[in-house]
Amino acid sequence: MATKEYSLKPFRAERKLHIEYAKELNPQQLEAVTSQPGPALVIAGAGSGKTRTLIYRVAYLIEQGVPAQRVLLLTFTNKAAREMLRRAQELIVPDLTHMWGGTFHHMANRGLRRHAKLLGFPNDYTILDREDARDLMNAIIVEEKIDTKQQRFPKGDVLVDIYSMAVNTEKSIEQVVGELYPHFGDLTEQIEILQPKYQERKRKNTAMDYDDLLAYWLNLLQEHAEVRERYAQQFQFVLVDEYQDTNKLQADIIDLMASAHKHLMVVGDDSQSIYSWRGANFQNIIEFPKRYPGCQVFKIETNYRSVPEILEVANAAIAPNVHQFPKKLRADRKPGSKPVLVPAYDVGQQAAFVAQRMLELHEEGVSLNEMAVLYRSHFHAMELQMELTRRNIPFLITSGLRFFEQAHIKDVAAYLKIVVNPADELAFKRAAKLLRGIGDKAADKLWLTVTGHPHFVKHLDSQPVLAAVPAKARSDWKQFAATLCQIEPLKETPSEMIRVVVEAGYEDYLTASFPNYAARLEDLNQLALFAQKYENAEQFLSELALMTNLEAEDAAPVQVGDELVRLSTVHQAKGLEWQVVFLISLADMMFPNARALNSEEGEEEERRLFYVAITRAKDELYLVYPQMRFNAGYQDVLQKPSRFLADIPPALLEQFELKSEFAQF
DNA sequence: AGAGTGGGCCTTTTT
DNA sequence: GGCCCACTCT
């Protein structure tokens with residue numbers, strides 16, 4: 001790898017460049033975009049053109065002659081990376097396809113597929129999603145004969161969460177349990193003993209969970225100087241978006257990736273740090289100047305997104321937080337209308353109000369695509385979904401379940417996984433249990449008889465294996481074995497594999513098992529189309545596991561051209577914007593969430609979340625709360641408006657009086 | 001004994 | 001939709 005340094009000429013407005021930076025950027029943005037190499041921290045408030053700054057920085061680097069493959073752009077979603085590259089590409093001529101861009105997990109996976117052998121892992125490992133990790137952990141709890149009855153023992157998903165937190169924050173399990181799971185304090189030792197078992201089991205199955213991708217990648221960079229040097233040399237410029245939501249593990253990876261040149265530019269906003277429960281630590285951004293002494297600091301504080309009335313509410317909402325960089329967001333836009341406070345009787349009336357107002361706005365000419373409903377938790381949107389369906393208002397919801405996490409998608413993917421990685425115990429058992437007459441026990445037994453065989457797929461149809469198959473499952477099993485043999489040679493065309501699996505029997509299973517089989521079949525059809533983009537099954541499966549909710553939409557069957565209202569959690573709305581935003585279920589204990597209030601930091605994070613939600617709105621913002629909570633079987637109980645609403649001076653809001661027509665629900 | 005089904009109760013945020 | 005448990009069917 002050539003290690004030529006590409007230096008940047010000092011920016012001078014009069015010098016002829018393709019892009020007229022000084023015209024297209026404000027002075028603060030311009031300063032960051034044209035800054036000299038070296039560590040740099042960009043504090044960019046909500047709606048201040050953070051993305052724009054990054055795009056222009058990329059374009060500027062390329063225009064200065066830096067080859068695309070020497071730039072690394074880390075973003076929160078792959079979609080964000082793609083979007084930025086696309087827009088940077090529009091600004092300049094050179095080809096950016098060789099630039100590395102994407103999420104941390106994406107980058108780690110890309111590196112590990114190349115170098116996993118150094119860690120004793122084959123490079124065709126499977127990536128476990130949350131559900132897989134939980135199932136594996138539960139299996140271990142059973143095998144280790146842990147008495148989960150006598151004393152409340154954490155379930156698989158809780159254990160996985162504990163380990164995840166330890167890995168991502170680089171803390172000990174004892175510390176994590178002590179701080180976040182004190183009620184399991186006396187089980188600490190047992191919890192510690194199980195972690196290596198979990199690690200071993202994944203290794204045996206040649207599988208990695210999300211945390212392993214990061215942890216092993218960091219390990220590779222730390223322990224293998226040749227790998228570290230290779231990438232640290234390659235990436236002369238490293239850009240990181242949403243830096244406030246990185247955790248210790250990710251920060252360490254960044255530091256090593258940028259260790260040769262130290263041309264590291266991180267961009268973020270401490271007020272929008274909302275992922276501490278995933279180990280994110282906004283101390284990373286606060287202490288960046290300490291870790292990189294002499295770094296340049298840029299503040300971008302002009303907000304182009306929202307009308308001043310919305311911004312004032314946002315500023316008031318975040319003000320009570322003690323732990324933040326002092327900053328003053330200035331509005332650039334002309335005055336518009338005040339945010340509206342809407343007390344609804346209950347969630348039903350809340351839904352009715354939102355739907356009604358949407359229709360009115362649509363009449364007034366606002367596109368449905370420019371409206372969004374945001375909430376704290378997925379289930380807060382239930383009534384609204386029903387209401388919108390009743391009124392024929394088309395909506396797109398990024399639900400708790402991702403497109404790719406749905407059972408039928410995972411079932412079919414399991415077939416491909418078995419062929420790609422015959423050590424994948426979870427995939428094998430999942431697929432086997434779909435056959436009639438095979439349940440947990442039979443699947444366990446069969447796995448023990450088939451695992452480790454060199455000609456795994458062909459072996460399934462052999463005499464010794466057939467003997468272990470329950471009699472009533474025999475014919476299904478034969479079909480299963482035949483299907484796997486059939487798709488094995490098709491690894492280069494994952495979409496074909498999917499079609500074969502569906503036609504060879506999965507379709508029959510769907511029709512027999514689900515009333516909505518047609519919709520599920522259509523999903524699988526879309527999945528096959530989506531798979532065509534990939535060169536082989538392994539790539540396709542990686543993508544499937546690492547895709548975010550936002551990206552999943554591109555693969556989900558949504559008719560193009562249709563106008564859709566967006567329903568989303570605040571977390572998933574990060575980085576997005578709409579003309580009109582409805583923020584619903586603003587009742588205390590719903591938003592802020594009751595469980596987050598156990599600590600002071602918890603309340604501050606909820607407040608940042610509230611701030612993120614408010615700053616998604618460009619023109620109109622509705623703050624809606626239900627006053628009554630439905631109490632099954634008993635009288636409804638009164639609930640308090642969110643404590644965050646009390647921090648907003650009443651003069652900044654317009655009070656909405658619900659007309660009686662809403663009260664009938 | 002193991003597979004499969006249905007009811008009751010709860011639901012934070014996600015790569 | 002998930003989880004747990006009780007129940008029936010084979």
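Each chain gets a letter, A, B and so on, in the order its sequence line appears, and its residues count up from 1.
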Checklist entry - For A:Gln406 and A:Lys472, take the nucleotide of DNA chain C holding the closest heavy atom to each; which residue's nucleotide lies nearer the 5' end? => result A:Gln406
Item to check | Sequence-distant partners of A:Gln539, side chain to side chain donor-acceptor pair (under 3.5 Å), two or more places apart | outcome: none
Checklist entry - Among B:dT11, B:dT14, C:dC3, which is the nearest nucleotide to the side chain of A:Arg134? => result C:dC3
Next on the checklist: Classify A:Ile438 by what it touches in the nucleic acid, base, sugar-phosphate, or nothing, heavy-atom distance under 4.0 Å.
Outcome noted: sugar-phosphate
Checklist entry - Do A:Tyr375 and A:Phe591 have their ring centres less than 6.0 Å from each other? => result no
Checklist entry - Within the structure shown, what part of the strands sits under 4.0 Å from A:Glu605 by heavy-atom distance: base, sugar-phosphate, or nothing? => result nothing
Next on the checklist: Rounding to an integer number of Å, can you tell me how far A:Asn593 CG sits from B:dT14 P?
Outcome noted: 12 Å
Next on the checklist: Centre-to-centre under 6.0 Å for A:Tyr275 and A:Phe76, is that the case here?
Outcome noted: yes
Checklist entry - Is there a donor in the side chain of A:Thr75 and an acceptor in the side chain of A:Asp241, or the other way round, less than 3.5 Å apart? => result no
Checklist entry - For the pair made of CG in A:Leu374 and P in B:dT13, what is the distance, rounded to whole Å? => result 14 Å
Checklist outcome for this item: Stems field, DNA chain C, Watson-Crick or wobble, 3.5 Å, at least 3 pairs, by first number, holds B:1-10 with C:1-10
Checklist entry - By ring pair (Phe, Tyr, Trp, His ring centres under 6.0 Å), which residues pair with A:Phe282, not counting sequence neighbours? => result none
Checklist entry - Rounded to the Å, how far apart are A:Arg278 CZ and B:dT12 C1'? => result 14 Å
Item to check | Interatomic distance, A:Leu567 CG vs B:dT13 P [rounded to whole Å] | outcome: 14 Å
Next on the checklist: Rounded to whole Å, please give me the gap between CG in A:Asp132 and C1' in B:dT15.
Outcome noted: 14 Å
Checklist entry - Could you state the CD-P distance from A:Gln244 to B:dT13, rounded to the nearest angstrom? => result 20 Å
Checklist entry - Taking the six-membered ring for Trp, are A:Tyr509 and A:Phe514 parallel (under 30°), tilted (30 to 60°) or perpendicular (over 60°)? => result perpendicular
Checklist entry - Does A:Asp270 pair with A:Arg608 as a salt bridge, N-O distance under 4.0 Å? => result no
Checklist entry - With a 4.0 Å cut-off on heavy atoms, is A:Ala442 in touch with a base, just the backbone sugar-phosphate, or nothing at all? => result sugar-phosphate
Item to check | Value in whole Å for how far the P atom of B:dT14 lies from CZ of A:Arg595 | outcome: 14 Å
Checklist outcome for this item: By nearest-heavy-atom nucleotide on DNA chain C, the more 5' of A:Asn516 and A:Lys155 is A:Asn516
Next on the checklist: If I take atom NE2 in residue A:His378 and atom C1' in nucleotide C:dG1, what distance separates them, rounded to the nearest angstrom?
Outcome noted: 12 Å
